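To keep things clear, I will list the structure first and then write my remarks on it.
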Amino acid sequence: MRTIPQPPALTFLATLRVDVGEPIDAGITPEGHRRIVPIIGGTVTGPQLQGRVMPAGADYQILRSAELTELDARYALELDGGAVVYVHNLALRRGAAEDIARLNRGEDVDPGLIYFRCTPRFSTAAPEWAWLNHTIAVGTGRRRPDAVEIDVFTVG
């Protein structure tokens with residue numbers, strides 16, 4: 001008889017607070033309703049990473065339906081000590097149509113009403129942070145009116 005596999009352990013890495021600008025609505029394209037949300041700064045706080053979100057990059061969104069948004073964010077972190085880390089974060093955000101509409105209008109919505117999960121990948125040339133290049137991470141997110149907060153965990 002086969003035993004049930006155990007899930008891998010998760011270790012808290014950091015919380016990324018990604019400050020965002022006004023969305024750019026690109027309209028309904030063949031792929032879906034596209035929005036581009038500029039990334040204008042933010043902070044990185046946690047037991048393993050500290051620093052800032054650099055004011056560069058964007059979240060390229062596709063509103064697949066009234067309930068589901070696909071997110072594709074690309075930006076950079078500057079860690080304490082000066083190392084730069086590129087972030088490519090893919091995510092899904094799902095909720096009731098009225099709650100997603102409120103988020104898209106920039107309103108504050110109780111995070112408990114929204115399923116927001118992501119898979120950030122990190123890339124850096126800094127030797128002391130090279131382990132990030134080959135570490136899988138997952139996260140949970142919260143959309144705020146002027147920011148996205150992401151709690152990031154490494155997968156053991």
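The figures here come from the full heavy-atom set of this structure, side chains too, leaving out hydrogens, waters and symmetry mates. Heads up: numbering here begins at 1 and tracks the sequence. The structure presented is a predicted model; accordingly, all values stated were derived computationally and were not measured.
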By the definition salt bridge (Lys or Arg N to Asp or Glu O under 4.0 Å), identify the one residue from Asp19, Asp110, Asp108 that meets it with Arg144.
Asp108

Working to the nearest 0.5 Å, report the span between OH of Tyr75 and CD1 of Ile39.
6.0 Å

Derivation and outcome, side-chain contact (heavy atoms from CB on, under 4.5 Å), residues Leu92 and Leu71:
CA-CA 6 Å; Leu92 289 177; Leu71 309 153; over 6 Å; no

When rounded to the nearest 0.5 Å, the distance separating CD of Gln50 from OG1 of Thr15 is 11.0 Å

In short, Ser123 meets Asn133 closest at the heavy-atom pair CA-OD1, 3.1 Å

Whether Asp146 side chain and Gly21 backbone form a donor-acceptor pair below 3.5 Å:
no

Trp131 vs Thr124, side-chain contact (heavy atoms from CB on, under 4.5 Å): CA-CA, chis, key distance, verdict
CA-CA 9 Å; Trp131 62 272; Thr124 185; over 6 Å; no

Without swapping roles, check the side chain of Arg17 against the backbone of Val148 for a donor-acceptor pair under 3.5 Å.
no

Taking transitive links into account, so neighbours of neighbours count too, which hydrophobic residues share a cluster with Val84 at under 4.5 Å side-chain distance?
Met54

Measure the spacing between CG of Asp151 and CZ of Phe116 and express it to the nearest 0.5 Å.
10.5 Å

Test log, rule side-chain contact (heavy atoms from CB on, under 4.5 Å), inputs Thr119 and Ile136
CA-CA 8 Å; Thr119 56; Ile136 297 292; over 6 Å; no

With the side chain counted from C-beta on, respond yes when Leu10 and Val155 share a heavy-atom pair under 4.5 Å apart, and no when they do not.
yes

Below 4.5 Å, heavy atoms only, C-beta onward: do Leu63 and Ile28 meet side chain to side chain?
no

Between Val53 and Ile40, is there a shared hydrophobic cluster once you connect ILVMFWY residues whose side-chain heavy atoms come closer than 4.5 Å?
no

Please enumerate all residues that pass ring-ring contact (aromatic ring centres under 6.0 Å, His included) together with Phe122, with sequence neighbours excluded.
none

Hey, could you give me each pair passing salt bridge (charged side-chain N to carboxylate O under 4.0 Å, His left out) that has a residue in residues 80-95? Not counting sequence neighbours.
none

Could you check whether Asp72 pairs with Arg74 (Lys NZ or Arg NE/NH1/NH2 to Asp/Glu carboxylate O, under 4.0 Å)?
yes

If you measure from CZ on Arg143 to OG1 on Thr69, what distance do you get to the nearest 0.5 Å?
10.5 Å

Could you check whether any side-chain heavy atom of Glu70 comes within less than 4.5 Å of a side-chain heavy atom of Leu90, counting everything from C-beta outward?
no

What distance do Ile36 atom CD1 and Glu22 atom CD have between them, rounded to the nearest 0.5 Å?
14.0 Å

Looking only at heavy atoms, what is the nearest atom pair of Cys118 and Ala91, with distance?
CB-CB, 3.5 Å

Under the salt bridge (charged side-chain N to carboxylate O under 4.0 Å, His left out) definition, can you give me all pairs with a residue in residues 34-44, not counting sequence neighbours?
Glu31-Arg34

Drop me the distance from Leu13's CG to Thr154's OG1, to the nearest 0.5 angstrom.
6.0 Å

Across all chains, not counting sequence neighbours, the ring-ring contact (aromatic ring centres under 6.0 Å, His included) partners of Phe12 are Phe153

Would you please test Gln61 and Val37 for side-chain contact (heavy atoms from CB on, under 4.5 Å) and show each step?
CA-CA 8 Å; Gln61 302 180 348; Val37 181; 3.6 Å; yes

So which pairs with a foot in residues 120-129 pass salt bridge (charged side-chain N to carboxylate O under 4.0 Å, His left out), sequence neighbours left out?
none

Is the closest side-chain heavy-atom distance between Leu16 and Thr43 below 4.5 Å?
no

